[in-house]
Amino acid sequence: MLTAARKALLLDRLGRDGTLSVTPLAAELNVSEDTLRRDLRDLASEGLLVRVHGGAVPSSPTHRPVAARRGMHDAEKQRLARAAAGLIENGSVVIVDGGTTHLHLAAAVPRGQPFTLVTHSPAVASSFEHHDNVDIILIGGRIFRHSMVALGTETAQAFSRIRADLCLLGVTGIHPELGLTTGDAEEAALKCFMAGAAAETVVAVTPDKMGRANPWCIMPLERVAILITTEDRPGWLPSGVSHLFAA
């Protein structure tokens, strides 16, 4: 089998099964395990999958610049934002991550609701301009242009001094084994800081992130309090994690 045909088969099998295991595939295709690992390295370098020990898992397609993500799954993001808004209590302190889903949050929150919003996203902060009862705290730092959020030591230190009730965390992939992931190492580390600064972490994900991964791990699934989706509860979600269907 030619290399191109073999890679196409690997991607087709990954789409069907959700995972690839090198040893049985090498025997099935009658090629060496080194050959398959080389194929997986090539496909991973193109962003088509994520390599894991012994094989690969599907790559999330959502680690794109924020401008490219606007408009993607917009109806689902509005539903997710409404569900997330329903978790915000009066007087609470809420950390809100960047991301296009959270840009819909202001429209979903009742205008008169009082709470404190903490974010490192200038766009999220400005979206609450007309919410007079929301106290907005904007965390500064170097702007990571890919996501248009602040990053760096200063940003992480600011979040480490906060004790919030809720963290609405953005991710680009959620996988049963790899947990919450994203495509940038520094951003992944900051997201872990943000989650650690809150009593509960809520993750709202569109269908294209489910069962997929990016190279950098944020934290395991067990640290999530509530997962919000527009689909039924995934069977692989740990029993300790609540599921909220976004109607």
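- Across every non-hydrogen atom of Pro215 and Gly183, the tightest pair is CD-CA, 4.3 Å.
- Judged by distance alone, the side chain of Ser59 and the main-chain N or O of Gly47 form a donor-acceptor pair under 3.5 Å.
- Partners of Ile137 under the side-chain contact (heavy atoms from CB on, under 4.5 Å) rule, at least two apart in sequence or in another chain, are Thr116, Val118, Ile139.
- Minimum interatomic distance between Ala204 and Leu80 (heavy atoms only, all atoms of both residues): CB-CB, 4.0 Å.
- No continuous path of hydrophobic side-chain contacts links Val57 to Val205 [ILVMFWY only; heavy atoms under 4.5 Å].
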Would you mind writing out the side-chain donor-acceptor pairs for residues 24-34 within the sub-3.5 Å range, not counting sequence neighbours?
residue : atom : partner : partner atom : Å
Glu28   : OE1  : Arg13   : NH1          : 3.2
Glu28   : OE2  : Arg13   : NH1          : 3.4
Glu28   : OE2  : Arg13   : NH2          : 2.9
Ser32   : OG   : Thr35   : N            : 3.1
Ser32   : OG   : Thr35   : OG1          : 2.8
Glu33   : OE1  : Arg37   : NH2          : 2.9
Glu33   : OE2  : Thr23   : OG1          : 3.2
Asp34   : OD1  : Arg37   : NH1          : 3.2

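- Sorted by first and then second residue, the pairs that involve residues 149-195 and meet ring-ring contact (aromatic ring centres under 6.0 Å, His included), not counting sequence neighbours, are His120-Phe159.
- Using a 3.5 Å distance cut-off with no hydrogens or angles, the side chains of Asp17 and Thr19 do not pair a donor with an acceptor.
- For the pair Asp165 (side chain) and Val93 (backbone), a donor-acceptor distance under 3.5 Å is present.
- Residues forming a side-chain hydrogen bond (donor to acceptor under 3.5 Å, both in side chains) with Glu200 (at least two apart in sequence, or on another chain): none.
- When hydrophobic side chains of Ile, Leu, Val, Met, Phe, Trp and Tyr are connected at separations under 4.5 Å, Trp216 ends up as a singleton with no cluster partners.
- Listed by first and then second residue, the side-chain hydrogen bond (donor to acceptor under 3.5 Å, both in side chains) pairs involving residues 124-135 amount to none (not counting sequence neighbours).
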Practice prompt. Kindly determine whether Phe115 and Val109 satisfy side-chain contact (heavy atoms from CB on, under 4.5 Å), including the steps that lead there.
Written response: CA-CA 10 Å; Phe115 70 97; Val109 170; 3.9 Å; yes
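- In this structure, Leu103 CG and Met148 CE are separated by 11.0 Å, a value rounded to the nearest 0.5 Å.
- Between the Arg212 side chain and the Gly173 main chain, no donor and acceptor come within less than 3.5 Å of each other.
- Of the options Ile88, Leu166, Leu105, a side chain to side chain contact (heavy atoms under 4.5 Å, CB included) to Val96 is made by Leu105 and by none of the others.
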Discussion item. Run Phe144 and Glu187 through side-chain contact (heavy atoms from CB on, under 4.5 Å) and show every step you take.
Written reply: CA-CA 9 Å; Phe144 178 45; Glu187 194 173 22; 3.3 Å; yes
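- Side-chain atoms of Thr119 come within 3.5 Å of backbone N or O of Ser121 as a donor-acceptor pair.
- Smallest separation of non-hydrogen atoms from Thr206 and Glu76: CG2-CB, 4.2 Å.
- Here Arg41 pairs with nothing under the salt bridge (Lys or Arg N to Asp or Glu O under 4.0 Å) rule; sequence neighbours left out.
- Summarising the geometry, atom CG belonging to Leu227 is positioned 8.0 Å from atom CG belonging to Leu221; distances are rounded to the nearest 0.5 Å.
- Here the side chain of Thr155 pairs a donor or acceptor atom with the backbone of Gly140 at under 3.5 angstrom.
- Going from atom CZ of Arg161 over to atom CZ of Arg163 covers 11.0 Å, rounded to the nearest 0.5 Å.
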Practice prompt. Apply side-chain contact (heavy atoms from CB on, under 4.5 Å) to the pair Leu87 and Ile226, showing each step before the final yes or no.
Written response: CA-CA 10 Å; Leu87 300 174; Ile226 302 172; 4.0 Å; yes
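- Partners of Glu222 by salt bridge (Lys or Arg N to Asp or Glu O under 4.0 Å), not counting sequence neighbours: none found.
- Val50 and Leu11 are members of different hydrophobic clusters when ILVMFWY side chains are connected at heavy-atom separations under 4.5 Å.
- A distance of 6.0 Å separates OG1 of Thr153 from CD of Gln157, quoted to the nearest 0.5 Å.
- Leu138 and Val149 sit in two unconnected hydrophobic clusters of ILVMFWY residues. Membership requires side-chain heavy atoms under 4.5 Å apart, directly or through other members.
- Here the closest heavy-atom approach between residue Pro234 and residue Met210 is recorded as CG-CE, 3.7 Å.
- Nearest heavy-atom pair across Gly98 and Val124 is CA-CG2, 4.3 Å.
- Between the side chain of Thr101 and the main chain of Ala81, no donor-acceptor pair closer than 3.5 Å is present.
- Counting only residues at least two apart or in different chains, salt bridge (charged side-chain N to carboxylate O under 4.0 Å, His left out) contacts with residues 86-106 comprise Asp97-Lys191.
- Residues in residues 76-112 take part in no ring-ring contact (aromatic ring centres under 6.0 Å, His included) pair, two or more places apart or across chains.
- Taken from CE in Met219 to SG in Cys192, the straight-line distance is 7.0 Å, to the nearest 0.5 Å.
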Worksheet item: Going through the checks in order, is the side-chain contact (heavy atoms from CB on, under 4.5 Å) test met by Thr181 and Ile218?
Response: CA-CA 5 Å; Thr181 62; Ile218 301 168; 5.6 Å; no
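- Atom CZ of Arg145 and atom CG of Leu151 lie 13.0 Å apart (nearest 0.5 Å).
- Pairing each heavy atom of Thr201 with each of Leu169, the nearest pair is CG2-CB, 4.0 Å.
- A side-chain hydrogen bond (donor to acceptor under 3.5 Å, both in side chains) check over residues 228-244, counting only residues at least two apart or in different chains, returns the pairs Thr229-His243.
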Worksheet item: What's the verdict on side chain to side chain donor-acceptor pair (under 3.5 Å) for Thr182 and Asn214, showing C-alpha distance, side-chain angles and the deciding distance?
Response: CA-CA 5 Å; Thr182 193; Asn214 283 123; 5.5 Å; no
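- Considering Leu20, Leu178, Leu40 in turn, Leu178 is the only one that fulfils the side chain to side chain contact (heavy atoms under 4.5 Å, CB included) rule with Val52.
- Under the side-chain hydrogen bond (donor to acceptor under 3.5 Å, both in side chains) criterion, Asn90 pairs with Gln113, not counting sequence neighbours.
- Counting heavy atoms from C-beta outward, Lys7 and Asp42 have side chains that approach closer than 4.5 Å.
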